[in-house]
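Shown next, in structure tokens, is the structure this report addresses.
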Amino acid sequence: LSLLRLSSLCYMIVAAVRPCTPQLAAMLACWSASGDYMSTEACAESAKALMSCMRTAVSFPSLEQMDVFAHSHSLT
């Protein structure tokens, strides 16, 4: 695998695990490029996309929650 293909593959895996990663990256890039840290002008659309994603994203249980769930089922 080439380095570019490997980095693209890693990005796709991270995006699948962390559903709002592309929107967050877009907003951070916009902040860096425009200096609109309050997201009121140039970065308003990026901020709206991130907020929309965060409202609808499926959250995954933490490792602690999964351990408690597995342990509770092993007792029954």
Side-chain angles (χ1 to χ4, degrees):
L1 286 173
S2 71
L3 186 58
L4 180 61
R5 187 166 170 89
L6 183 61
S7 66
S8 297
L9 181 62
C10 289
Y11 179 78
M12 290 186 326
I13 291 170
V14 168
V17 173
R18 307 277 188 218
C20 297
T21 301
Q23 291 85 353
L24 176 60
M27 190 173 76
L28 293 174
C30 184
W31 283 354
S32 178
S34 69
D36 180 22
Y37 301 114
M38 298 300 289
S39 301
T40 56
E41 296 172 11
C43 300
E45 288 301 315
S46 297
K48 286 179 187 175
L50 178 60
M51 290 301 295
S52 175
C53 179
M54 290 172 63
R55 279 191 209 104
T56 59
V58 175
S59 63
F60 296 98
S62 68
L63 290 177
E64 287 179 357
Q65 291 170 329
M66 290 172 47
D67 286 344
V68 168
F69 180 75
H71 181 70
S72 67
H73 281 324
S74 68
L75 296 175
T76 57

- Contact check, side chains of Cys43 and Tyr37, non-hydrogen atoms, under 4.5 Å: no

- Item | Heavy-atom pair with the smallest gap, counting every atom of Ala49 and Gln23 | O-CG, 3.9 Å

- Closest heavy-atom pair, Ser46 versus Ala26, reported as atoms and distance to 0.1 Å, is OG-O, 4.0 Å

- Heavy-atom nearest pair, Leu50 first then Leu24, reads CD1-N, 3.8 Å

- Message: Using 0.5 Å steps for rounding, measure from the CE atom of Met51 to the OG1 atom of Thr56.
- Response: 11.0 Å

- Message: Looking at every non-hydrogen atom in both residues, tell me the closest pair between Pro19 and Ala57 and how far apart they are.
- Response: CG-CB, 3.8 Å

